[in-house]
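In what follows, a single structure is set out as structure tokens and then discussed.
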Amino acid sequence: MVPVALPGEPLRYEAAGAGHHHHFLCRGCGRAFELPGCRLEADLDLPPGFSAEDHEVVVYGRCPDCA
Ligand SMILES: [Zn+2]
Ligand SMILES: [Zn+2]
């Protein structure tokens, strides 16, 4: 298990080796969801000489139960 720190959330633990993914925090019920997959770095337009190694993204919104 690996610790996952989300802003405003108690520390969560997830299975290691799940691969890179993002999290979705529902503002309605406060639950955190895993968002599989990521194309962010492929879409980044970094200036010359920069290379991305990692990033963290938290998406805020409403889950289907709260929409
Ligand atoms: Zn919700
Ligand atoms: Zn990503």
Side-chain angles (χ1 to χ4, degrees):
M1 301 294 276
V2 294
V4 179
L6 296 178
E9 291 281 304
L11 200 61
R12 294 157 45 86
Y13 286 88
E14 294 179 350
H20 176 81
H21 61 275
H22 297 164
H23 293 91
F24 183 103
L25 279 183
C26 177
R27 284 180 162 156
C29 60
R31 283 184 293 171
F33 301 83
E34 294 185 18
L35 302 176
C38 173
R39 292 176 301 278
L40 191 150
E41 287 187 5
D43 291 340
L44 283 178
D45 196 7
L46 292 174
F50 290 81
S51 64
E53 294 187 338
D54 198 9
H55 61 263
E56 295 182 8
V57 175
V58 180
V59 181
Y60 296 91
R62 301 267 167 180
C63 77
D65 291 340
C66 299

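- In this structure Glu34 satisfies the salt bridge (Lys or Arg N to Asp or Glu O under 4.0 Å) test with no other residue, sequence neighbours excluded.
- Between the CD atom of Glu56 and the NE2 atom of His23 there is a distance of 9.5 Å, given to the nearest 0.5 Å.
- For the atom pair Leu40 CG and His22 NE2, the distance stands at 5.5 Å (nearest 0.5 Å).
- Considering every non-hydrogen atom in both Cys66 and Cys26, the closest pair reads SG-SG, 3.6 Å.
- The hydrophobic cluster containing Leu35 does not contain Leu25, counting ILVMFWY residues as joined when their side-chain heavy atoms lie under 4.5 angstrom apart, directly or transitively.
- Checked against side chain to side chain contact (heavy atoms under 4.5 Å, CB included), Ala52 has the following partners two or more places apart in sequence or in another chain: Glu41, Leu44, Leu46.
- Closest heavy-atom contact between Pro36 and His21: CA-CB, 4.2 Å.
- Closest heavy-atom contact between Arg31 and Cys63: NH2-SG, 3.6 Å.
- Each of Val4 and Val57 belongs to its own hydrophobic cluster when Ile, Leu, Val, Met, Phe, Trp and Tyr are linked at side-chain heavy-atom distances under 4.5 angstrom.
- Across all their heavy atoms, Val2 and Ala16 have their closest contact at CG1-CB, 3.7 Å.
- Using a 4.5 Å cut-off between side-chain heavy atoms of Ile, Leu, Val, Met, Phe, Trp and Tyr, with links allowed through other members, Met1 and Leu11 fall into the same hydrophobic cluster.
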